[in-house]
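Structure, as structure tokens:
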Amino acid sequence: MMNRIAISILPLLTMLIWSTNSMAQGPSRAEFMASSCLVCHGQEAKGALKIPPLNDLKVSDIKESMIGFKTGEERSTIMGIIAKDYSKEDIILLAEYIAALPD
Ligand code: HEC
């Protein structure tokens with residue numbers, strides 16, 4: 001009897017531990033950073049009002065724009081201020097995450 005209970009509860013326990021564990025990890029660094037971009041660019045990066053969509057851009061487009069904004073080579077109203085504090089590594093993470101959002 002005890003054995004049967006143990007056998008039926010064990011997989012449930014494993015699942016519970018596994019799922020709370022993956023929840024505790026929370027959003028990835030890329031997801032976390034991108035959430036601040038999506039406030040302006042729209043929840044699915046589809047653009048909002050006059051803010052351009054990002055979901056149709058390629059990784060290289062986003063990366064190049066961000067680096068252009070960061071260095072000031074690409075003129076902007078707001079993106080220069082935002083981009084300047086992101087490292088190149090973070091820009092790559094952001095570009096990969098955002099480009100992978102559905103079109
Ligand atoms: C405060 C609103 C705001 C936030 C936050 C914001 N953006 Fe932007 N983004 C803009 C605006 C406005 C433009 C148009 C360029 C300009 O005037 O700054 C733009 C342009 C861009 C472009 C160029 C798009 C194109 O089609 O040329 C990229 C790429 C971009 N943003 C990426 C990002 C990323 C990545 C983040 C997060 C790190 C971010 N943006 C956060 C407002 C925002």
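Note that ligands are numbered from 1 as they come in the structure, with each ligand's atoms numbered from 1 the same way.
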- Stepwise, does the side-chain contact (heavy atoms from CB on, under 4.5 Å) test hold for I67 with I91? CA-CA 8 Å; I67 290 176; I91 287 175; 4.2 Å; yes
- Note, L93 side chain near E89 side chain (heavy atom, < 4.5 Å):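 A side-chain contact under 4.5 Å is absent here.
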Show me the donor-acceptor pairs, under 3.5 Å and distance only, between side chains in residues 35-55 and residues at least two apart or in other chains.
{"from": "S35", "atom 1": "OG", "to": "F32", "atom 2": "O", "distance (Å)": "2.6"}
{"from": "S36", "atom 1": "OG", "to": "M33", "atom 2": "O", "distance (Å)": "2.9"}
{"from": "H41", "atom 1": "ND1", "to": "P52", "atom 2": "O", "distance (Å)": "2.7"}
{"from": "N55", "atom 1": "ND2", "to": "P102", "atom 2": "O", "distance (Å)": "3.3"}

- Of the non-hydrogen atoms in E74 and E64, which two are nearest, and what is the gap between them?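 That closest heavy-atom pairing would be OE1-O, 4.3 Å.
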- Query: Do the charged groups of D85 and K70 touch, with an N to O distance under 4.0 Å?
  - Reply: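 Between K70 and D85 there is no salt bridge, as every charged N stays at least 4.0 Å from the carboxylate O atoms.
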- Check whether any side-chain N or O of K58 sits under 3.5 Å from a backbone N or O of A99 as a donor-acceptor pair, and report yes or no.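 The answer is no, because no donor-acceptor pair under 3.5 Å joins these two groups.
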- Around ligand 1, what residues show up once you keep those with a heavy atom under 4.0 Å from it?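 Under the 4.0 Å cut-off, ligand 1 touches S36, C37, C40, H41, I51, P52, L54, S65, M66, F69, S76, T77, I78, M79, I82, Y86, L94, I98.
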